[in-house]
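Structure first, then comments.
All values below come from the heavy atoms of this structure, side chains included, with hydrogens, waters and symmetry mates left out.
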2 protein chains.
Amino acid sequence: MTHSNPRLEQILHRLRERDFRLTPQRLAVLRILVESKEHPTVDQIYEQVRRDFPMVSRATIYKTANLLKSLGEALEVGVLDGRSRYDGNKPYPHPHVICTRCKKIIDFEGLPTTDLVREVIEKTGFQVETHQIDFFGTCPQCCEAEQN
Amino acid sequence: MTHSNPRLEQILHRLRERDFRLTPQRLAVLRILVESKEHPTVDQIYEQVRRDFPMVSRATIYKTANLLKSLGEALEVGVLDGRSRYDGNKPYPHPHVICTRCKKIIDFEGLPTTDLVREVIEKTGFQVETHQIDFFGTCPQCCEAEQN
DNA sequence: TTTCGTGCAAACATTTTGCAAAATC
DNA sequence: GATTTTGCAAAATGTTTGCACGAAA
């Protein structure tokens with residue numbers, strides 16, 4: 001048995017609280033979502049879960065991802081490439097920096113997002129619930145690769 | 001004949017420059033993109049163009065939108081609702097504030113995006129090419145409506 | 001007259017849905 | 001045992017593509 005992850009425990013607790021059932025497939029998806037930093041697509045999660053559960057279907061992955069999103073326990077990240085990516089590590093919104101060449105997505109904590117949100121609320125009167133801040137470009141490794 | 005729009009003229013100039021042809025359908029799409037502030041979806045553009053050109057097809061709208069995007073003359077805005085929206089007013093990236101209730105999307109200029117981009121470049125080494133900064137929530141009008 | 005753009009239909013890709021069987025609680 | 005979840009297939013949605021015809025330069 002792998003060692004436990006506090007974030008995973010937290011989600012499991014929330015699920016039990018609301019009388020959602022814990023199936024092996026669901027647990028597998030949860031593990032991937034909380035453990036991976038790669039903001040995986042549904043298909044990537046599917047392929048990984050399939051190693052342990054060859055009969056799993058994509059529908060299950062979609063349903064689990066949507067459940068977690070609706071519970072506020074996973075974040076959907078849109079990268080304008082026609083497929084959704086999910087982040088179960090940090091269920092709060094945070095900026096990403098995305099390499100359009102190698103498709104790598106990294107979290108970027110170094111921005112005063114709280115201040116930005118406050119600014120928007122003050123100036124627009126919106127009741128801001130979430131946000132998405134993403135920067136697109138070429139990562140240092142790919143920049144170098146392009147020189148060749 | 002409606003009065004001319006400098007932004008439209010600019011795009012027309014760029015098209016001519018690169019030997020793209022000016023068809024009535026294309027012009028209609030261009031007009032809508034530069035004149036509307038609503039960040040319309042392909043379908044919304046299609047319905048509007050169809051009033052003047054009943055035989056127009058969605059493919060033409062898609063092709064025109066993609067052409068403009070590739071020329072850097074229109075911005076694709078992803079709102080995580082599974083369809084793309086386009087902005088031909090300001091071809092440079094800028095923050096949006098989006099009402100998740102009435103789907104309104106407004107531009108928001110009041111953020112130091114240049115500084116944010118510089119910060120990201122400095123701290124990540126990425127060659128940042130574009131960005132997407134969007135805030136989601138409820139607009140003042142919809143907030144009020146929810147009280148009832 | 002040459003080349004490009006349009007419109008149609010088919011193809012694709014992603015996500016959602018309905019439902020019977022299986023699993024959880 | 002009651003109810004939820006799964007897996008499958010079909011459907012729904014959004015977007016792209018191939019191609020013949022028509023239009024722009």
Side-chain angles (χ1 to χ4, degrees), chain A residues 11-33 39-71 73-74 76-86 103, chain B residues 11-33 39-71 73-74 76-86 103:
Chain A
I11 298 181
L12 293 179
H13 180 71
R14 298 268 165 80
L15 289 178
R16 263 181 250 117
E17 233 174 23
R18 308 210 194 186
D19 289 325
F20 289 107
R21 294 181 181 175
L22 186 60
T23 64
Q25 296 94 323
R26 203 169 256 181
L27 181 59
V29 174
L30 288 182
R31 272 195 210 288
I32 293 166
L33 277 178
H39 306 75
T41 63
V42 164
D43 227 66
Q44 289 169 330
I45 300 171
Y46 169 68
E47 290 301 342
Q48 210 169 327
V49 172
R50 209 147 69 113
R51 293 182 209 156
D52 293 321
F53 303 91
M55 300 307 288
V56 78
S57 85
R58 279 183 177 80
T60 298
I61 316 291
Y62 277 107
K63 285 167 185 166
T64 306
N66 282 333
L67 173 66
L68 291 172
K69 196 175 79 166
S70 73
L71 293 177
E73 298 297 331
E76 188 179 356
V77 183
V79 190
L80 283 186
D81 68 344
R83 71 198 72 182
S84 291
R85 295 167 175 276
Y86 293 89
K103 310 296 179 195
Chain B
I11 298 181
L12 293 179
H13 180 71
R14 297 269 166 78
L15 289 178
R16 262 181 251 117
E17 234 174 25
R18 308 210 193 185
D19 288 324
F20 289 107
R21 295 181 181 174
L22 185 60
T23 64
Q25 297 94 322
R26 205 170 255 182
L27 181 59
V29 174
L30 288 182
R31 271 194 210 289
I32 293 166
L33 278 177
H39 305 74
T41 62
V42 165
D43 229 64
Q44 289 169 330
I45 300 171
Y46 170 67
E47 290 300 342
Q48 208 169 328
V49 173
R50 209 146 69 113
R51 293 183 208 156
D52 294 321
F53 303 92
M55 301 307 290
V56 77
S57 85
R58 279 185 178 78
T60 298
I61 316 291
Y62 277 108
K63 284 168 184 166
T64 307
N66 282 333
L67 172 65
L68 291 173
K69 196 174 80 165
S70 73
L71 293 177
E73 297 298 332
E76 187 178 356
V77 184
V79 189
L80 282 187
D81 68 344
R83 70 198 70 185
S84 292
R85 295 165 175 276
Y86 294 89
K103 310 296 181 197

### Task
Could you please spell out the steps behind the side-chain contact (heavy atoms from CB on, under 4.5 Å) verdict for Ile45(A) and Tyr62(A)?
CA-CA 10 Å; Ile45(A) 300 171; Tyr62(A) 277 107; over 6 Å; no
### Query
What residues form a side-chain hydrogen bond (donor to acceptor under 3.5 Å, both in side chains) with Lys103(B), not counting sequence neighbours?
none
### Message
I need the OH-P distance between Tyr46(B) and dT13(D), as an integer number of Å.
### Response
16 Å
### Summary
dist Ile11(B):CD1 -> Leu71(B):CG (nearest 0.5 Å) comes out at 9.5 Å
### Task
Compute the angle between the rotation axes at the two ends of the helix from dT1(C)-dA25(D) to dC25(C)-dG1(D), each taken over five pairs, rounded to 10 degrees.
40°
### Message
Heavy atoms within less than 4.0 Å of DNA chain C: which residues of residues 62-69 of chain A have one? Give them sorted by number.
### Response
Tyr62(A), Lys63(A), Asn66(A)
### Message
Could you tell me the boundaries of the chain B footprint on DNA chain C, defined by atoms under 4.0 Å from its heavy atoms?
### Response
dT3(C) to dC8(C)
Pairs under 3.5 angstrom only: tabulate donor-acceptor contacts from the side chains of residues 17-30 of chain B to other protein residues two or more places apart or in another chain.
from, atom 1, to, atom 2, distance (Å)
Glu17(B), OE2, His13(B), NE2, 3.3
Thr23(B), OG1, Arg26(B), N, 3.1
Arg26(B), NH1, Arg21(B), O, 2.8

### Nearest-0.5 Å distance, OG1 of residue Thr64(A) to CD1 of residue Ile32(A)
10.5 Å
### For Arg83(A), all residues meeting side-chain hydrogen bond (donor to acceptor under 3.5 Å, both in side chains), sequence neighbours excluded
none
#### Entry: Residues in side chain to side chain contact (heavy atoms under 4.5 Å, CB included) contact with Gln44(B), at least two apart in sequence or another chain
Pro40(B), Thr41(B), Arg85(B)
### Query
What's the shortest heavy-atom distance between Val77(A) and His39(A), and which atoms?
CG2-CD2, 4.2 Å
### Message
Test of understanding: with salt bridge (charged side-chain N to carboxylate O under 4.0 Å, His left out), list the residues that count as partners of Arg16(B), not counting sequence neighbours.
### Response
none
### Query
What residues form a side-chain hydrogen bond (donor to acceptor under 3.5 Å, both in side chains) with Thr60(A), not counting sequence neighbours?
none
### Message
Tell me which residues in residues 13-30 of chain B lie within less than 4.0 Å of DNA chain D, going by non-hydrogen atoms.
### Response
Arg21(B), Leu22(B), Pro24(B)
### Task
Quick one: which residue pairs count as a side-chain hydrogen bond (donor to acceptor under 3.5 Å, both in side chains) with a foot in residues 45-58 of chain A, not counting sequence neighbours?
Asp43(A)-Arg58(A), Glu47(A)-Arg50(A)
### Message
How long is the straight-line distance from CG of Asn66(B) back to CD of Glu76(B), given to the nearest 0.5 Å?
### Response
7.0 Å
